[in-house]
Amino acid sequence: MLDIRLFREQPDVVREGFAKVGRDPGLVDQVLDLDVKRREAITEVERLKAERNAGSKDVARTKDKAERDAKIAAMKLVGDQISELDVQANAIDLELNNLMLDLPNLPLPEVPVGKDEHDNVVVRVEGAIKEADFAVKPHWELGEELGILDFERGVRMSGTRFFVMKGLGVRLQRALISWMIDMHVDQHGYTELAVPYLVKADAMVGTGNLPKFADTIFHIEDTDLWLIPTAEVPVTNLHREEILDKAQLPLRYVAHTPCFRNEQMSAGRDVRGIKRLYQFDKVEMVKLVEPATSYDELFSLISNAEDVCKGLNIPYRLLQLCTADLGTATVKYDLEMWAPGMNEWLEVSSCGLFGDYQSRRANIRYRPEAGAKPEFVHTLNGSGLALPRVIISILENYQNADGSVTIPEVLRPYMGGIERITKSKA
RNA sequence: GGGAAGGUGGCUGAGUGGACGAAAGCAACGGUUUGCUAAACCGUCGAAGGGUCACACCUUCCGAGGGUUCGAAUCCCUCCCUUCCCGCCA
């Protein structure tokens with residue numbers, strides 16, 4: 001959510017930002033109009049309430065019965081007016097609030113303006129793509145042959161976009177999770193969290209998933225619980241409604257969770273393999289920081305995610321997303337790993353700086369110094385990394401001519417020293 | 001799920017219809033004193049919104065939402081949460 005003062009003081013800045021992300025700049029005027037109406041209503045209601053408060057105190061002091069009754073009668077009238085106007089004021093307030101919750105964040109000036117993902121900018125490519133001297137198989141073929149991916153049975157029990165992982169496939173995923181989290185904790189200074197996978201609507205509103213993106217997340221019927229689409233939701237909301245000490249910042253958290261996404265893409269797109277699923281595992285990094293440091297924190301976040309790619313020794317590239325792809329961030333970079341079997345770059349991380357957009361919604365503040373007014377923190381998050389896609393990249397980059405897959409060296413200590421996945425030993 | 005007791009400011013904790021945004025203590029912050037540390041003393045010390053150049057000032061908030069009343073932290077209703085006991089279960 002944006003600061004209403006920005007609309008009052010610099011409406012053109014907001015209009016320009018909305019235009020860049022493809023939203024109607026006229027929304028600014030809707031906000032301003034409601035803001036004026038809201039303040040008029042509040043002023044009037046408050047005037048009446050002040051009158052009633054004074055009048056009620058006067059009643060308490062009045063001893064004469066007749067005089068007292070007259071004053072009570074007069075205040076009753078004021079009370080009736082208040083209840084009437086209160087209803088109006090609340091309606092305006094609600095309308096404004098709903099509108100504000102629906103509005104996007106503003107992109108930073110440097111973000112390239114674009115219409116869709118084709119306008120994202122490749123910042124750099126790291127690692128060389130090796131040409132194999134055999135036909136590289138896509139992971140779904142390789143995984144089924146090795147007996148570590150089972151699509152048929154996953155679909156039978158849960159439907160399309162679900163799968164089952166077996167044997168060394170699961171072991172590989174577990175190894176990745178442990179290795180990545182250990183790296184972020186031991187080398188990058190994050191604190192590990194285990195969080196709920198179901199959260200209340202308020203938490204979803206806090207991170208911006210509700211109300212706007214309700215059709216992309218799963219809701220548990222007859223409850224106020226929603227399945228998290230990413231650990232970003234419970235982790236960012238960890239400190240909702242809190243005023244933090246400056247000394248606590250920056251807070252850096254890492255958590256592994258499953259992620260549930262009600263993908264609304266066209267039928268038939270990305271249906272093969274484990275690229276796009278209704279449920280997948282991810283290691284996520286989240287930071288709550290002082291505004292002045294947030295931009296630097298974004299680049300250290302990206303670098304933390306890159307260290308995972310580097311450790312696995314898989315080619316990857318860094319993309320700066322254009323205004324069409326920002327989601328609710330002010331600026332965002334993606335990491336994409338090369339998948340030679342699918343012959344495409346796979347998004348394995350999305351690192352965004354959200355400014356105070358989320359903290360304002362979730363009401364997460366800090367006190368810049370003792371006695372000072374609380375201010376909103378800045379929030380950031382980035383995958384570190386998304387598992388099924390990293391597994392795709394490992395299977396496809398580390399496959400051998402005989403159909404086996406070599407385990408990346410960094411993961412071997414987490415897999416009991418196993419060096420490769422073969423058909424007979426999967 | 002059943003029973004009991006509770007939810008008040010950063011924390012502890014008074015307050016059962018009228019000057020209560022809320023006693024007191026702790027913590028924090030500023031100052032005085034002191035050779036240093038500590039202690040003592042004095043003062044400040046919740047949030048949101050409106051308003052103001054800035055103050056002043058006004059409104060709201062005592063788990064949440066309704067209700068009663070001229071007036072609610074205080075009375076009534078519903079819900080949520082916490083703790084303990086019982087049941088159930090990993």
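All figures in this text were calculated on a predicted structure; none of them were measured in a lab. Atom set for the values below is all heavy atoms of this structure, side chains included, hydrogens, waters and symmetry mates excluded.
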Distance between the P atoms of B:U74 and B:G63, in whole angstroms?
8 Å
Rounding to an integer number of Å, can you tell me how far A:K246 NZ sits from B:G10 C1'?
19 Å
Tell me which nucleotide, if any, is Watson-Crick or G-U wobble paired with B:U34 when both distances must be under 3.5 Å.
none
Scan residues 62-75 of chain A against RNA chain B and write down, sorted by residue number, each residue with any heavy atom closer than 4.0 Å; if none is found, say none.
A:R68, A:I72, A:M75
Measure the distance from CD on A:E242 to P on B:G46 and round it to the nearest whole Å.
20 Å
List every contact pair, protein side and nucleotides 21-23 of chain B side both N or O, where the distance is under 3.5 Å.
none

Length of the CG-C1' vector between A:D80 and B:C70, whole Å:
11 Å
Across all strands, who's sitting opposite B:U78 as a Watson-Crick or G-U wobble pair, both distances under 3.5 Å?
B:A64
Does B:A28 have a Watson-Crick or wobble partner in any strand here, with both distances under 3.5 angstrom, and which is it?
B:U44
Nearest-Å distance once atom P is located in both B:C81 and B:G30
42 Å
Considering only B:C70, B:A47, B:G49, which nucleotide approaches the side chain of A:K76 most closely?
B:C70
Whichever of A:A60 and A:D35 has the more 5' nearest nucleotide on RNA chain B, that residue is A:A60
Sub-3.5 Å pairs of nitrogen or oxygen atoms, protein against nucleotides 51-62 of chain B:
unit_1, atom_1, unit_2, atom_2, d
B:G51, OP2, A:R39, NH1, 3.4
B:U59, OP1, A:N53, ND2, 2.9
B:U60, OP2, A:N53, ND2, 3.4

A:I82 CD1 - B:C70 C1' separation (whole Å):
10 Å
In whole Å, what is the span from the CD1 atom of A:I92 to the P atom of B:G50?
14 Å
I need the CG-P distance between A:D3 and B:A48, as an integer number of Å.
12 Å
Write down the partner of B:C20 under the Watson-Crick or G-U wobble criteria, each distance required to be under 3.5 Å.
none
Parallel, tilted or perpendicular, as decided by the 30° and 60° cut-offs, for the rings of A:F299 and A:Y295:
perpendicular
Can you tell me the Watson-Crick or wobble partner of B:C57, both distances under 3.5 angstrom?
B:G50
Without decimals, in angstroms, what is the distance between A:I243 CD1 and B:C11 C1'?
14 Å
Nearest to the side chain of A:R38 - B:G49, B:G46, B:A48?
B:G49
For B:G9, the Watson-Crick or wobble counterpart (both distances under 3.5 Å):
none
State whether A:E44 and A:R47 are salt-bridged, where the test is any N-O pair (Lys NZ or Arg NE/NH1/NH2 against Asp/Glu carboxylate O) under 4.0 Å.
yes
Ion pair check, A:R276 and A:E263, cut-off under 4.0 Å
yes
Paired with B:C84 by Watson-Crick or G-U wobble geometry, both distances under 3.5 Å: which nucleotide is it?
B:G3
Can you tell me the distance, in whole Å, between the CD1 atom of A:I4 and the C1' atom of B:A48?
15 Å
